[in-house]
Number of protein chains: 2
Amino acid sequence: MTDWKQLLSNAGCRITTPRRAVMQVLMSSDAPLSPQEIRERAQAMHHELGLVTVYRTLKLLTELNLVRRIHTEEGCCGYVAVALGEACHHLVCTSCRRTVEFPCTGLDDTVAELERLTGFSVQNHWLELLGLCPACQAKQKVVIQRKEEC
Amino acid sequence: MTDWKQLLSNAGCRITTPRRAVMQVLMSSDAPLSPQEIRERAQAMHHELGLVTVYRTLKLLTELNLVRRIHTEEGCCGYVAVALGEACHHLVCTSCRRTVEFPCTGLDDTVAELERLTGFSVQNHWLELLGLCPACQAKQKVVIQRKEEC
DNA sequence: GCCTTATTGAAAAACATTTTCAATAAGGGA
DNA sequence: TCCCTTATTGAAAATGTTTTTCAATAAGGC
Ligand SMILES: [Mn+2]
Ligand SMILES: [Mn+2]
Ligand SMILES: [Zn+2]
Ligand SMILES: [Zn+2]
């Protein structure tokens with residue numbers, strides 16, 4: 001009912017059980033998932049789901065901007081569903097991977113200045129912030145306290 | 001002589017022919033290179049260089065912040081030598097891959113605001129700008145002109 | 001419901017990265 | 001300068017990831 005189905009349909013694509021399963025998994029996760037992780041979870045809905053189909057589906061959803069690829073420190077390849085559409089980026093917890101989407105703002109001046117300096121024409125950009133989510137900051141404080149007690 | 005050798009040495013690592021070859025290749029390229037591309041070029045200096053060694057060397061150089069991984073649209077894994085150290089990012093031409101390093105500025109306010117809003121503590125970030133370099137813009141204009149002539 | 005054709009899953013191929021291990025070569029100390 | 005220790009290397013194999021191929025299946029317009 002959420003309009004990813006509409007978008008897919010408008011693009012001339014069929015709404016299939018595998019696609020529903022993958023989309024469902026991504027929308028209910030607050031952390032980026034790898035194709036394997038997506039498959040494991042999506043099999044709850046569609047038991048015979050193949051990994052190939054997950055790859056194909058992710059490619060399609062990414063092209064339609066329903067899903068975004070997240071770059072992690074070790075290797076690439078986490079995927080998250082996006083709500084804000086094209087003009088957003090992500091803040092990722094390096095400890096638990098929890099991910100928060102945020103709207104893209106505040107880069108225009110930097111970009112304009114760089115275009116002037118380099119002669120490049122900037123078309124697109126990729127931004128990701130890495131840090132600790134509130135829960136993981138709290139956990140870390142406990143660890144530090146324990147160390148001090150020794 | 002440039003001080004990457006110093007840095008490596010200080011870190012307790014040996015200055016070897018493979019490392020010199022890889023570093024040389026990266027420093028003389030203005031586009032990100034894949035491990036295979038690095039190997040091919042570096043073999044000019046050190047013919048028996050193994051791909052395994054390239055991977056190991058890239059890992060080491062990346063840890064020492066002499067080299068940075070560049071995220072490309074299709075897949076990850078281009079590597080560039082960095083001059084400015086940690087606080088820099090890259091502007092990459094999507095047509096010829098030519099890459100320009102630029103100092104990191106102008107994100108502090110955005111980051112502070114997000115920390116306030118989300119409770120995250122931001123430790124690090126990843127920024128890449130994609131566009132067309134001057135040469136590729138010029139080429140593109142020629143193509144457009146030809147089309148108009150028809 | 002039927003028919004067309006986009007989509008799927010299994011298997012195999014292709015590609016990328018890591019591990020293992022014996023041989024080699026850096027570079028500090030004699 | 002030459003030794004000796006040990007970090008580093010390269011080949012091979014293992015492991016992991018992504019793509020291709022192709023016959024079978026199921027969406028969804030009619
Ligand atoms: Mn942005
Ligand atoms: Mn920065
Ligand atoms: Zn966390
Ligand atoms: Zn270019």
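Residue numbers begin at 1 in each chain, while the letters A, B, ... track the order of the sequences. Both backbone and side-chain heavy atoms feed into the values below; hydrogens, waters and symmetry mates do not.
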I'd like to know if the side chain of [X] and the backbone of [Y] have a donor-acceptor N/O pair within less than 3.5 Å.
X	Y	result
B:Arg98	B:Leu132	no
B:Glu128	B:Val92	no
B:Gln123	A:Leu130	no
A:Ser28	A:Val25	yes

Q. If you look at every strand shown and take non-hydrogen atoms under 4.0 Å, does B:Arg56 touch a base, only sugar-phosphate, or nothing?
A. base
Q: For B:His46, answer base if it contacts any base atom (sugar-phosphate contacts may also be present), sugar-phosphate if it contacts only those atoms, and nothing otherwise; contact means non-hydrogen atoms under 4.0 Å.
A: sugar-phosphate
Q.
If you only use heavy atoms from C-beta on, which nucleotide in D:dA11, D:dT20, D:dA27 is closest to the side chain of A:Thr17?
A. D:dA27
[X] [atom1] - [N] [atom2] separation (whole Å):
X	N	atom1	atom2	answer
B:Ile38	C:dT17	CD1	C1'	14 Å
B:Arg39	C:dC15	CZ	P	15 Å
B:Leu51	C:dT19	CG	C1'	14 Å
B:Arg19	C:dA25	CZ	C1'	12 Å
A:Gln36	D:dT19	CD	C1'	14 Å
A:Met45	C:dT8	CE	P	13 Å
B:Glu48	C:dA25	CD	C1'	12 Å
A:Glu37	D:dT18	CD	P	12 Å

Protein and nucleotides 27-30 of chain C: nitrogen or oxygen contacts under 3.5 angstrom:
residue, atom, partner, partner atom, Å
C:dG27, OP1, B:Ile15, N, 2.5

Q: Kindly assign one of parallel, tilted or perpendicular to the pair B:His71 and A:His71, based on the angle between their ring planes and the thresholds 30° and 60°.
A: perpendicular
(Q) If the threshold is 4.0 Å, N to carboxylate O, is there a salt bridge linking B:Glu37 and B:Arg97? (A) yes
Q: Kindly work out whether a path of hydrophobic side-chain contacts (I/L/V/M/F/W/Y, heavy atoms less than 4.5 Å apart) joins B:Phe120 to A:Leu84.
A: no
Q) Does a sphere of radius 6.0 Å around CD in A:Gln24 hold more than 12 heavy atoms from other residues, nucleotides or ligands, not counting ones at 6.0 Å or beyond? A) no
Q.
So which atom in B:Cys136 and which in B:Cys93 form the shortest heavy-atom distance, rounded to 0.1 Å?
A. SG-SG, 3.7 Å
Q. Taking the nucleotide of DNA chain C with the closest heavy atom to each, which residue, B:Pro35 or B:Pro18, is nearer the 5' end?
A. B:Pro35
**Q.** Divergence of helical axes at both termini of the helix from C:dG1-D:dC30 to C:dA30-D:dT1 - five pairs an end, 10° steps
**A.** 50°
